[in-house]
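Here's the structure we're looking at; comments come further down.
Order of the sequence lines fixes the chain letters, A, B, ..., with proteins taken first and strands second; residue numbering starts at 1 for each chain.
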Amino acid sequence: MWIPVAGLPPRLTLSSLVGAGRFCILGAGAARRKPLQARNRRGLSDSAPQLCPDPDFRKSPSRVKSKSTLGFNRYITSRRLAETMAQIVCGKQKTPPHLFLECNPGPGILTQALLEVGAKVVALESDKTFIPHLESLGKNLEGKLQVIHCDFFKMDPKGTGAIKPPAMASQDLFQNLGIEAVPWKAGIPLKIIGTFPIRSERKILWKLIHNLYSCTSIYKYGRIELNVLIYEKEFQKLMADPRNPDLYQVLSVLWQVACKIEVLHKELLEPSQEKLYFIQITPCRNLFTENLTPMNYQVFIHMVKHCFGKRKCRLLDHLRSLTPLDAKDILRQIGKKKEDKVTNLYPQDFKQLFETIQSSKDCAYRWLYDDRLEGRYND
Amino acid sequence: MAVLWGRGVARLGRGLWPSGRPGLPTEEGTLGGLCGPRRSSSASPREQDQDRRKDWGHVELLEVLQARVRQLQAESVSEVTVNRVDVARLPEHGSGDGGRQPPAEVQTGAEGATPALFVHWAKRLDKDKRIQQMRRQRLEKQLQRRAQNPGFSSEPKRLHVEPRLLSTQLTTCLQGCRREVPERPWEEQLARVLQEAPRKLSLDKKQGQQLKTRFANRQQKILAFLKCCLLTGHQSLAHHLLVTHHSQGRSQKLLTLDMYNTVMLGWARQGAFRELLYVFIMVKDAGFSPDLASYAAALQCMGRQDQDVGTIKRCLEQMSQEGLKLQEVFTAVPLCEEERAAVLKAVLKAKPTFKLPERPPSPVNTSKLLRDVYAKDGPVSYPKLHLPLETLWDLFKQQLRVELASSVRLKSVERPVAESKEVKRARETLKALRLQWEKALWEALQETKERLEREAHTGLPSMFPFLCLLDEQEMVQMLLQALQALPTQGESFMGLARDLGARTFGRHEVRRQQLGGQVEALKRRYRQYLHLLASDSKVPEPCLPRQYWEALGALEPPQEQPWPLPVQVELGRLLAEILVQATKMPSNLAKPRDCSRLVPLLYHVYSFRNVYQIGFLKPHPAYVQLLATAAEPTLTFEAVDVPMLCPPLPWTSPHSGAFLLSPTKLMRAVDGTMHHQRLLENCPPAALHGALDTLTQLGNCAWRVNGRVLDLVLELFQDKGCPKLGVPAPPSEVAPPHEAPLPSSTGLVCKAELRRELARSLKEAREMHSLRADALYRLSLAEHLRDCVFWLPHNMDFRGRTYPCPPHFNHLGNDLARALLEFAQGRPLGPHGLDWLKIHVVNLTGLKKREPLQVRRAFAEEVMSDILDSADNPMTGRKWWMGSEEPWQTLACCMEIAKAVRTSDPATYVSHFPVHQDGSCNGLQHYAALGRDSVGAASVNLEPSDVPQDVYSDVAAQVEVFRRQDARRGSRVAQVLEGFVTRKVVKQTVMTVVYGVTRFGGRLQIEKRLRELSDFPQEFLWEASQYLVRQVFRSLQEMFSGSRAIQHWLTESARLISHMGSAVEWVTPLGIPIIQPYHQEIKIKQGGGGLQSISYSINADSSLKPNKLKQRNGFPPNFIHSLDSTHMMLTALHCYREGLTFVSVHDCFWTHAADVPIMNQVCREQFVRLHSQPILQDLSSFLVSRFCSSSRPQKLSQRLEDSKLRETLLAVPKPGAFDLERVKRSTFFFS
């Protein structure tokens, strides 16, 4: 019953999955606790879906519901898209070869494209099924490809207790790869490339932004650049500001303050007419200042959350529940008017607001925020 | 000019005139002078008019002031505005009956008094010019503001009196009577109205669950509003609201017969016949047919009004035509003495021969299990308290004082801080601030009241009457108390709101009883009751406290029901908002005089938890600092949180018992759960006797504090604490998080590390703090009660398990709490008492668990020198007691033994020490007895044996057998587990299996245990735990086959029942009705506005769909708990009959050392008797009659479900062959 994915010609493999829309591959029995667990996979469409030449695929039992917590993974199956992406991220000149961590490469089409343009790739694959195939890709490349069983999006799980694979501690991973931490102000140590899993984009964005502001997990190693494919809807929210107030939200502010976000490429998905954006997220060199540090970033996040809790309210009213300082005075200092609403503030304004309060001198008590009232990302 | 105007301005007057507050006695004198003559000239003063009249007084005073204002030639006072205050045009229809309206001559009289008063005021004014000036300015400002506000100057609505009807037929009849001359025809009218057929009710449309709940909530709110209006004397307002709603088609659907009856009752109490009739017309118009309560109200009114015979006769005729019995008016409708007399007067007029129905003799419980308890013959030696009558009477008076004051202030046992200058200043600042807040709160309360009254006048059921329940001063004090109790890190807004609502209700209940003269009645009755308990008085024949109490006379009408949750929360929210708005503090506390800027004291902040956003109220950090500096040495508790100083009232019904005045629930439940109460009320009174008597008896046990242990604990507590012994350390012992400014060169990653460390230490400090606070409360209460005798009133949870009501200091707490308590009543040890003490001390140490009793006793004698050393030098000696499992109790027991052995004859030593007997794995004992499992019964000590059996070891051994088999067969996991299957690994899972732990939870428990083993290969954790939990379940299946079958049967039945859409209900063998309060959650959102919108989820309302999973998983453990509580109750009642002191902590029974053998015997006998009943058969037949429909349902699917359920319920598992009688001879059943 086990399907030798590795044996398929790469061009045909996964694009064929698209024809069915949803596809099912049997898990490798030996390694799993539930030997016959099957998972749904959803591939990204190629512009011209092809039928699967391998009869095995049609025989395979289908439609067993996945129990994965993070929902479906998406895999790049279009050779053309993979090549475009690889070219964009590597640039024209081939020196020096960048180090890429690729999240969930699946069939390895992008991996191959990256290797072809001369990059060094570490493939972090959460599904053991794909691993033999991926390893076969790097056979003749003198260690340019390294495959690790790891789920990038479950890196450094919360809570105590043993970390069960495919989750992993970033410390172990980076140590194994021999990557050293570089100071924040220095350059970019490595790049991540991949696709956000469907349905949990927001969850992952939240997790990453917390890690970024607190300089933990992968961001302990410096300003790591993300190159990811993201759906248009989520992208618009991420980039929203007072000009499109309906989409403007906490995540937009936090990400735009922290990072430079650039669109590298747009791709239209054929059957659903959905747009995918290939974006580059680079943490800002000057994100941390004297007033905004990994020590007090939580207050900043809380402040933004508080403001967007009642987004139609005036900023003045929010300030009164955020700080015991004189709200009007603060507004004057950041040059805002009394009747300004939350949605009138640009992301950078929030940072300025925060720093103004944080640096205020007249009172010992600057914030009403209390660590103890928060629930989730505390430690 | 308008009511609103009048009132609005009147408030200004009040603002100008600080009556009732200390410091301005002269002005108070003025008030008296003003009101005095008015009160005497008022034709028929009624209490509820006082508010209104006060307003009148204010208006007049205002006129005087306005004159003053004018005379002082204020530049910008709006003359027009002032002139518009027109006394003569105050409402004429503000109330229904003439008595409520100030008579005309009073008005003129008041005007006549104006000049004199003016002179009086002018004098005052000269003296106090500066203050007056300020006030004048304020008045001007406010007057101007009012004048500018257009909403204010508009003509306000008058209160409606006459109904607007929907049915034309009734309308004509109404008009008919309006045209005629008043007085006579009203009576005729009633009869005619009564005969009118009610309008057809339109059938309710189908509504969604959400809508339905919202609709029900609105109804509850209206009903609560009307009831509350009655209590505060705002009948006309209630009537107005009813009429407003009635006249609108849509809101009329909200009205229920209960609401009409409530308003009618209000009028009946006043004897206002015309208004009563109006309501009657509305009832007919709305399509209801009047019920007993309506007729009772009508009769009461007629009794008061002295109506003529004809009307009453017609009324009674109509009643009998509708099939209502006159007798039932007196039995089924709750009436107080005076109301009953009025009704009787009316009835006697029409039927001179009518006789009040005889009170039926209180029924006696006929349950088989309780027959012995209530048997009149046979030896009875109910225990008496050791205190004489007069002492008890004094104690009662003390407790009454405490409850009337509603709160208790006591000294904290925290080590007092040195009285430095700083501390003194902080305390002074606090005092000054509190005075300011008191004033501010009072004003804010006034303002809110007025706003809400206006709202009520527009026909909204506002919170106005609820705010009138308590007088302002008390309300303000309550708010200040809440402020003081606010935790420094803030409290959730919702929590505070609930709390404030509940407190208001509690205080109101106390006030109501005080005003209604019930306190006096209680005093008389309690004094008589004490004759039963006191050591120096005799009663003619022995009886139980409840029986005696009932025999003392008719029961008082039931107490008021707690308000529905929406009302409680709404009121609490309002009060919390007042608190936030009114309290302010100077921005710079160090120099309060210099800085004029006031900042709020409380801030409304949000906390984010996942997707939830929770509103919190958080005090200003400077205030927190101030409180910490001041370190005030007092703690304030609500009266119900402190143990009682006299024997609690016996439980006589689901709503009367325990505390003297404060309302207490017989069955504790989440706020807003009504169905337990409903079930309890609907079951026959005798069925509850077992539970009521047990709770009474448990509460009647007198306690005292073990002073020597307390001294030792306090010493540790005030020093550095000792977490190992359960005495939490003070916060100063935790390493304080370093907040020193970091050098700017600190790296980012380093900062991140620091932050995490900071968070960790904060978390630690927080946990310490809460532990510390808990201990502080407990020890402070213990210190407070050190030289007293006190009582712990009890109630029960929904399964019948009993708990003491006072939460902080009781015998259910940890080792430390238990060690602090001993029986106030002593008993000589007798021949075997000392042996039991010795066995008990060994039991407490946790050593010799698997040895017979003789060995334990011998061991105690062996270590006697250690025991005596512990007792003599607890802190300096060899500290043997500290190594025990329950150190403090061990120490207390050591001291008791030392005292006993040092008396010349230990048998005569009077011991106060409670000795415990524990059931071994009590849940499994009940399962094993139900299923008659021989193997299982032996392993949980139902079978007599020389040494105690240990079920955990037995299960471990069984698992080991299976493991070896598997290992031989080549299972890798089984081989890895070699040598790791121990008692410790399986213990928790076996213990919790009774309480419904699943494989999932069991696996986690075992995984945790395995992880603790350092030499276990960690990579096998998952597989090994998975394997083990399966084996544990298999072993249990093998050993307790009958029990497991029963567990499955219960689960399956619950699944099917909840699948049919009902919550599982059953009746315990003692007759307590039980319902599982697990329902699907539903979110209730209460209107926005104010600080935040409030939403809360309800999952305990029986009208909701059941939560199938919880119903299913909860049934087996809850059923077993209901059995163990039954066993406890039976033991308690029989012990009481034997004259024993008995208390329990669920499956751990306490009594004096001398009485242990008797208690043990009773306990075993009752266990056998309980399980000799066909418990499962009874359950099965109850469930069939309750949940299987008697008629065949229409739909096929329903029919299938029904038959499946019936089939399952009837398939009661067959019991095994264990002979239950053997339990009687088992030593270690409870040991």
Counting only heavy atoms not in B:Glu422 (residues, nucleotides, ligands), do more than 12 fall under 6.0 Å from its CD?
no
Would you say the side-chain atoms of A:Ser321 pair up with the backbone N or O of B:Tyr603, donor to acceptor, closer than 3.5 Å?
no
If you tally heavy-atom pairs under 4.5 Å between each of A:Pro294, A:Gly309, A:Cys215 and chain B, the highest tally belongs to A:Pro294
Counting neighbours of CD on A:Gln171 that are heavy atoms of other residues, nucleotides or ligands and sit closer than 6.0 Å, is the number greater than 12?
no
Taking atom NE2 as the centre, does B:His769 end up with more than 12 heavy-atom neighbours from other residues, nucleotides or ligands that are less than 6.0 angstrom away?
no
Would you say that more than 12 heavy atoms from the other residues, nucleotides or ligands in this model lie under 6.0 Å from the NZ of A:Lys237, or not?
yes
Test item: B:Tyr606 and A:Lys305 side chains (from C-beta on) under 4.5 Å apart, heavy atoms
no
Should the heavy atoms of other residues, nucleotides or ligands under 6.0 Å from CD of A:Glu180 be counted, would the total exceed 12?
no
Please flag which part of A:Ser214 lies under 4.5 Å from any non-hydrogen atom of chain B: side chain, backbone, both or neither.
backbone
Between A:Leu368 and B:Pro621, which heavy-atom pair has the shortest distance, and what is it?
CD2-CD, 3.9 Å
List the atom of B:Glu753, the atom of A:Lys220, and the distance in Å for their closest heavy-atom pair.
OE2-NZ, 4.4 Å
